[in-house]
**Q** 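Dropping a structure here in structure tokens format, bear with me for questions.
Every chain is numbered from 1, with letters handed out A, B, ... down the list of sequences. Only this structure's heavy atoms are used, side chains among them; waters, hydrogens and symmetry mates stay out.
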Amino acid sequence: EVQLVESGGGLVQPGQSLRLPCAASGFTFRGYAMNWFRQAPGKGLEWVAFIRNRDHGGTADYAASVRGRFTISRDDSNSILYLEMSSLQAEDTAVYYCSRVKGGYCSGDRCYGGWFDAWGQGALVTVSS
Amino acid sequence: DIQMTQSPSSLSASVGDRVTIACRAGQSISNYLNWYQQKPGKAPKLLIYTASNLESGVPSRFSGSGSGTDFTLTISSLQPEDFAAYYCQQSYNAPFTFGQGTRLDIK
């Protein structure tokens with residue numbers, strides 16, 4: 001059974017940092033691209049970051065709202081996806097979800113056409129003084 | 001960024017009704033459109049991928065269609081467990097944007 005389990009959420013003050021791990025099991029983690037999404041309280045879904053698998057360079061893309069502050073990374077040996085968040089702001093308050101990418105294509109810098117078939121249960125991050 | 005617009009934003013319907021939710025992309029996205037269902041306090045669940053492909057385990061009353069800029073999700077006969085929020089999402093280009101969501105309530 002495919003499982004994704006986020007942890008590491010909590011209450012942080014503005015300007016602080018936090019790292020969210022997402023532990024994967026039930027599939028060959030290193031073979032898949034992965035994403036982070038978030039959902040602010042009462043709001044819709046927002047894509048945050050994407051990381052390719054090693055076969056496609058392991059490089060990442062970011063939403064403009066987090067670029068330069070958040071870093072997505074992966075530990076294929078231990079099947080863990082990470083989201084390192086710094087300079088956190090109140091607007092970053094949300095439930096953060098990791099998800100697996102299935103299907104799709106990568107051509108040069110562009111990856112497209114995939115779908116997000118497995119999701120974790122989410123980790124709540126609250127940024128407040 | 002590719003803007004995704006869903007309509008309606010909310011919808012009230014009864015068990016057994018046929019329901020259609022529309023999603024429009026701000027530019028052509030071929031068939032790179034996915035649909036998700038989300039219940040309160042839960043993670044999204046994939047229903048339809050690449051516009052019309054039913055995810056394994058999803059009931060056949062769900063179907064998707066469209067290409068280019070206009071897409072629809074149809075539920076042929078609403079069941080009690082279908083009352084939830086629904087989101088379309090494009091995977092044509094990063095950022096992989098979502099529609100604002102459609103909340104489906106019991107009439």
**Q** Quick check on the interface: out of A:G44, A:G122, A:G113, A:A49, who has the most heavy-atom pairs with chain B under 4.5 Å?
**A**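 Highest number of heavy-atom pairs under 4.5 Å: A:G113.
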**Q** Of the non-hydrogen atoms in A:D61 and B:A94, which two are nearest, and what is the gap between them?
**A**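 The pair with the smallest heavy-atom distance is OD2-CB, 4.3 Å.
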**Q** Locate the shortest heavy-atom distance separating B:S91 from A:G114; write the atom from each residue and the value.
**A** OG-O, 2.9 Å
**Q** Can you tell me which portion of A:F116 sits under 4.5 Å from chain B's heavy atoms? Options are side chain, backbone, both or neither.
**A** both
**Q** Take atom NZ in B:K39; do more than 12 heavy atoms of anything else shown fall under 6.0 Å from it?
**A**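 Yes, enclosed.
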**Q** By a 4.5 Å heavy-atom criterion (distance strictly below it), what part of B:Y87 contacts chain A: side chain, backbone, both, or neither?
**A** side chain
**Q** Is there a side-chain contact between A:L45 and B:Q89 in this structure, where contact means two heavy atoms from C-beta onward sitting under 4.5 Å apart?
**A** no
**Q** How would you list, in number order, the residues of residues 14-38 of chain A that have a heavy atom less than 4.5 Å from chain B?
**A** A:N35, A:F37
**Q** If you count heavy-atom pairs within less than 4.5 Å of chain A, which of B:A43, B:G101, B:P44 leads?
**A**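 Most heavy-atom pairs within the cutoff with chain A belong to B:P44.
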**Q** Heavy-atom pairs under 4.5 Å with chain B: which of A:Q39, A:E46, A:Q121 has the most?
**A**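 Winner by heavy-atom pair count: A:Q39.
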**Q** At what distance, to the nearest 0.5 angstrom, does CG of B:N53 lie from CH2 of A:W115?
**A**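 Between atom CG of B:N53 and atom CH2 of A:W115 there are 7.0 Å.
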**Q** Output the option from B:L33, B:T50, B:N34 having the highest count of non-hydrogen pairs under 4.5 Å with chain A.
**A** B:N34
**Q** Atom OH of B:Y36 and atom CG of A:D117: how far apart are they, to the nearest 0.5 Å?
**A** 8.5 Å
**Q** Relative to chain A, which segment of B:K42 carries a heavy atom at a distance below 4.5 Å: side chain, backbone, both, or neither?
**A**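 Contact with chain A: backbone only.
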**Q** Look at the rings of B:Y32 and A:Y112 and say which category their plane angle falls in: under 30° parallel, 30 to 60° tilted, over 60° perpendicular.
**A**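 B:Y32 vs A:Y112 ring planes: perpendicular.
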**Q** Taking everything shown except B:R103 itself, do over 12 heavy atoms lie less than 6.0 Å from its CZ?
**A**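 Count not over threshold, so no.
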**Q** Within this structure, what is the OG1-CH2 distance for the pair B:T97 and A:W47, rounded to the nearest 0.5 Å?
**A**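 Interatomic distance, B:T97 OG1 to A:W47 CH2, rounded to 0.5 Å: 9.5 Å.
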**Q** How about residues 86-108 of chain A versus chain B: which residues have heavy atoms under 4.5 Å apart?
**A**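 Result: A:Y97, A:Y105.
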**Q** Can you establish whether the number of heavy atoms outside A:R69 located under 6.0 Å from its atom CZ is more than 12?
**A**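 Check passes, neighbour count above 12.
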**Q** Around atom CD of B:Q3, are there more than 12 heavy atoms of other residues, nucleotides or ligands at under 6.0 Å?
**A**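 Counting neighbours around CD of B:Q3, 12 or fewer heavy atoms of other residues, nucleotides or ligands fall under 6.0 Å, so no.
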